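We count ligands from 1, going down the list as the structure has it; atoms in each ligand are counted the same way. Small disclaimer: the values here were computed from a predicted structure and weren't measured.
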Amino acid sequence: MNVKQVKPVGITDTILRDAHQSLLATRMRTEDMLPVAEKLDGMGFHSLEVWGGATFDTTYRFLDEDPWERLRTLKKHIKKTPLQMLLRGQNVVGYRHYADDVVEAFVTKAYENGMDIFRIFDALNDVRNMETAMRVTKRVGGHVQATICYTISPLHTNDGFVAMARQLAEMGADSICIKDMAGLLAPYDAYDLVSKMKAEIDLPIQLHSHYTSGMASVSYLKAIEAGVDVVDTAISTLSLGTSQPPTEALVAALRGTPRDPGLDLGQLSEVAKYFAGVRKRYRAFEGELMGVDTDVLTYQVPGGMISNLVSQLREQNALDRLAEVLQEVPRVRADLGYPPLVTPSSQFVGTQAVINVVVGERYKVVPKEIRAYVKGMYGRPPGSIDPEAREKILGSEESIDCRPADLLEPELEKAAAELDGLARAQEDVISYALFPQVVKEYLERQSVCGENQREREIVAAIAAVLAQQTNGKQVSPASGATRTRGITAWRLASRGQTMRGSGWR
Ligand code: CO
């Protein structure tokens, strides 16, 4: 093996965050994580990605769980391995820009509740949108993993990405992540990019890719040869498709080489079997892509985007215009200054392309998000906006040149006032500032539970009896029979109750 590094490559497993976000619509419950949490902790991973991204709002929205509670619980079970999260810079874990006081409080509380490594990115690679999150993470004692969103366009070059990494290093990054969210990074580009970064920047480099295009495992191997320090993989039973490359395959591929990560394949296999059982129960949330998305290879647009275009066209009864839309997508992206195609810019570009084709005149109709984008409200795009498109979209309206969050008033005090006694802790106020309606509804359900003390005790007693029937063994979600009982108890619990403290968690 021709390698530039001799130290073992570190592995971050994403099974508890990106893997189920990518494959199971972010639906994995904390109770399905805990039975293997200690085992994962003992395996020797560089870190475990367990929090952030879309997991934060989905736990409230769909699982009736508190994400802060999940973090504390995981930290109790995972004591040795650093916990890692994905943080969208000034967007925190949401979909708009928040004021600095929200970012600051979120990072501080995330650290206090057990987070170790903060992977911080901005969808436009505008480092001004990462400043506050990076500064506060550093101040509270967390690890700042500053992130570059990888994309392909006439403006994006490996030298440009290296320059951005240098800038992030100057801003205080502890490590750099190359985030290839669409699986576009080809193996020889990976080799070139990592080689250049390692030569110029004296920080650990971590690579995050998705299997969407089918290239991620080979790209990892070339990145490892070029000296990348850490890569992100997922336990096999929740890998491939739009998720990460399989952990076990990479471990086996590197066995006996200077970069052997030293993980035990037998132990990994046990964990894989466990998650095979977990995955079955979330079958209803499985995405469509299991293999390789050839559209990513052809059009360089991420998985999911083309199926969105198809459903938008179907709604307009214009499915026969797909070929025109696929030609319009790169034109709109060019007009908008070549944003990386990641949430939310992929939606902007796709929707505008559909509108342009269906309406029959470019930028005659423009959604308000795209107007805001062109105005600079999401930050500075990588390239300049096409003047003609700008004129049609904004007219004579001025765009802003400052960091978007500079225009935002503090939000926390107002959030606390609006919650009016519902907040149990500062964490609730932060969550409410991020997702007002979802979190208020969640907290209202919680406060109802609190009043029905008697009903709560009944549920706890039933759960305790059921637990005894399993011979005092820890409830194993992998076992069908036990699981049925578990679900029954959970259903009881979900009628206005929680199972906290009932022996089932
Ligand atoms: Co990802």
Side-chain angles (χ1 to χ4, degrees), residues 10-28 45-58 83-89 91-95 115 117-125 130 133 145-152 161 175-186 190 193 205-217 219-220 223 228 230-236 238-247 250 275 285-287 289-290 292-293 296 300-305 308 339-347:
I11 306 273
T12 293
D13 202 286
T14 65
I15 189 100
L16 303 183
R17 204 285 297 180
D18 206 352
H20 74 96
Q21 179 174 326
S22 298
L23 296 177
L24 305 174
T26 331
R27 292 307 208 281
M28 198 189 289
F45 288 116
H46 168 80
S47 66
L48 285 161
E49 194 196 39
V50 300
W51 213 59
T55 65
F56 192 86
D57 63 305
T58 44
L83 299 183
Q84 183 158 333
M85 76 164 296
L86 183 66
L87 187 66
R88 300 170 177 151
N91 293 5
V92 192
V93 286
Y95 306 91
M115 187 45 59
I117 301 174
F118 294 71
R119 176 176 291 172
I120 301 166
F121 79 99
D122 176 65
L124 296 179
N125 283 335
M130 300 161 68
Q145 181 161 90
T147 301
I148 292 158
C149 290
Y150 181 82
T151 190
I152 296 174
F161 291 129
S175 64
I176 300 288
C177 174
I178 304 164
K179 175 180 161 73
D180 174 29
M181 56 277 164
L184 296 172
L185 181 62
L193 179 56
I205 310 289
Q206 181 155 358
L207 176 57
H208 173 89
S209 186
H210 286 253
Y211 215 83
T212 326
S213 69
M215 293 193 290
S217 286
S219 297
Y220 278 13
V228 81
V230 188
V231 293
D232 285 14
T233 60
I235 297 282
S236 57
L238 274 171
S239 70
L240 301 172
T242 50
S243 176
Q244 271 72 53
T247 307
L250 192 75
F275 281 110
F285 302 106
E286 292 267 3
L289 179 73
M290 294 293 164
V292 170
D293 181 354
V296 169
Q300 296 173 347
V301 296
M305 187 169 160
N308 274 339
L341 293 178
V342 59
T343 301
S345 52
S346 54
Q347 285 88 336

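- The side-chain heavy atoms of Val92 and Leu87, taken from C-beta on, include a pair separated by under 4.5 Å.
- Looking at Ile11 and Leu250, their side chains come closer than 4.5 Å, going by heavy atoms from C-beta outward.
- Evaluation of the side chain to side chain contact (heavy atoms under 4.5 Å, CB included) rule for Ser243 yields Ala19, Ser22, Leu23, Ala234 as partners, not counting sequence neighbours.
- When only modelled atom types and interatomic distance are considered, Thr233 and Thr247 share a side-chain donor-acceptor pair under 3.5 Å.
- Taking 4.5 Å as the limit, every side-chain heavy atom of Arg17 sits out of range of all side-chain heavy atoms of Gln84.
- Tyr150 has its side chain out of reach of Leu207: every pair of non-hydrogen atoms, C-beta onward, lies at least 4.5 Å apart.
- Distances from the Co ion (ligand 1) under 2.8 Å pick out these protein N/O/S atoms: Asp18 OD2, His208 NE2, His210 NE2.
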